[in-house]
Amino acid sequence: MSEHRLHEQVAHPAGRREGSGRLLQTTLDCRHARESRRAEAVRTGVDAQAL
């Protein structure tokens with residue numbers, strides 16, 4: 001499956017406000033928040049390589 005097709009398969013449901021779209025968006029929001037917290041903790045280049 002191409003990157004474009006994969007994006008299309010995920011982006012359409014994520015744009016919906018009900019059902020799977022809401023669940024997918026919530027999951028992505030949680031993952032983004034977790035990764036943001038990890039990035040904020042990075043102080044040195046060594047820390048960045050550990051991510």
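For reference, positions follow the sequence shown, starting with 1.
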Measure the CD-SG distance between Gln25 and Cys30 for me, rounded to the nearest 0.5 Å. 10.5 Å
Above 12 or not: heavy atoms from other molecules or residues under 6.0 Å from CZ of Arg31? no
Which donor-acceptor pairs under 3.5 Å do the side chains of residues 3-10 make with protein atoms, sequence neighbours left out?
from: Arg5; atom 1: NH1; to: Glu8; atom 2: OE1; distance (Å): 2.2

